[in-house]
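Quick notes on the structure that follows.
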Amino acid sequence: DPKIIQKPKYLVAVTGSEKILICEQYLGHNAMYWYRQSAKKPLEFMFSYSYQKLMDNQTASSRFQPQSSKKNHLDLQITALKPDDSATYFCASSHRLGGAETLYFGSGTRLTVL
Amino acid sequence: GDSVTQTEGLVTLTKGLPVMLNCTYQTTYSPFLFWYVQHLNEAPKLLLKSSTDNKRTEHQGFYATLHKSSSSFHLQKSSVQLSDSALYFCALSIYQGGRALIFGTGTTVSVSP
């Protein structure tokens, strides 16, 4: 059974619209992350959360907003979508943030913006 | 700033041959290095992670040694299999808390029969 659930698996959106990517982890981890993968930037770090608190944000655009309603949830809201946002978005988690912790990745949400 | 460099974008080789993927890093902090592997249409997953300086770590036939003197953590395998065809990422984590994993640009390994 997958321990990190991402929904939906595929998502098609029109330019200018808004979408929410869902992530739930059942590993009992305290740190969660979002990464983006595209042809231009293979695995680009976006956000990190620890105990539901934002720890690091490397996303230049405010159109990307993470939301943590529960300890094991980290959703990603994207507003005013652009074709350049087309990518696979991976959620990941680890026991804690930093150090020698292993990241575990979800299966990703493949977003296509038309 | 902290960074990871992988010099090869694509490595093509024949089954049974050895492979080495280069990884160097830059940081002023105490580093932890990782290799992640991503097969086609799958999520990245951990292949192996560094141990102490100059100590070799191994997993599934792959091995790497952290050399702090040269800031390197090259990945090697003595005999590749068809199933090793994948995208390999080197990643850096620093001990000082709060930072997420920093990934290199990745090396695609393509193994032919």
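Below, each value reflects all heavy atoms present in this structure, side chains not excepted, and no hydrogens, waters or symmetry copies. Here is the naming used below: chain letters follow the sequence lines, and residue numbers restart at 1 for every chain.
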With a 4.5 Å heavy-atom cut-off, do [X] and [Y] have their side chains touching?
X: A/Gln37; Y: B/Leu87; answer: yes
X: A/Pro42; Y: B/Phe89; answer: yes
X: A/Leu103; Y: B/Tyr36; answer: yes
X: A/Phe90; Y: B/Gln38; answer: yes

Exercise. Is the number of heavy atoms from other residues, nucleotides or ligands within 6.0 Å of OH (A/Tyr26) greater than 12?
Worked result: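 Yes, OH of A/Tyr26 has more than 12 neighbouring heavy atoms, counting only those of other groups under 6.0 Å.
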For this session: Check whether more than 12 heavy atoms from other residues, nucleotides or ligands sit under 6.0 Å from atom NZ of A/Lys7, and answer yes or no.
Result: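 At most 12 heavy atoms, drawn from other residues, nucleotides or ligands, come within 6.0 Å of this atom.
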Side chain, backbone, both or neither of [X] within contact of chain B (heavy atoms, under 4.5 Å):
X: A/Ser50; result: neither
X: A/Tyr104; result: neither
X: A/Tyr35; result: side chain
X: A/Glu101; result: backbone

Problem set entry | Contacts of residues 51-80 of chain B with chain A (heavy atom under 4.5 Å) |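 The residues closer than 4.5 Å to chain A amount to none at all.
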For this session: Output the residues of residues 5-19 of chain B for which the shortest heavy-atom distance to chain A is under 4.5 Å, in residue-number order; output 'none' if no such residue exists.
Result: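 Listed by number, there are no contacting residues, so the answer is none.
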Would you kindly confirm whether [X] and [Y] end up in one hydrophobic cluster when ILVMFWY residues are joined by side chain heavy atoms under 4.5 Å apart?
X: A/Leu21; Y: A/Leu54; result: yes
X: A/Met46; Y: A/Leu111; result: yes
X: A/Tyr10; Y: A/Val14; result: no
X: B/Phe32; Y: B/Phe103; result: yes
X: B/Tyr29; Y: B/Tyr25; result: yes

For this session: Report the C-alpha distance between A/Arg110 and B/Asn41 in whole Å, list the side-chain angles of each, state the deciding distance to 0.1 Å, and finish with yes or no for side-chain contact (heavy atoms from CB on, under 4.5 Å).
Result: CA-CA 10 Å; A/Arg110 184 174 293 183; B/Asn41 296 322; 3.3 Å; yes
Exercise. Considering all heavy atoms of both residues, which atom of B/Ala43 and which atom of A/Phe105 are nearest to each other, and what is their separation?
Worked result: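 Closest approach of B/Ala43 to A/Phe105, heavy atoms only: CB-CB, 3.9 Å.
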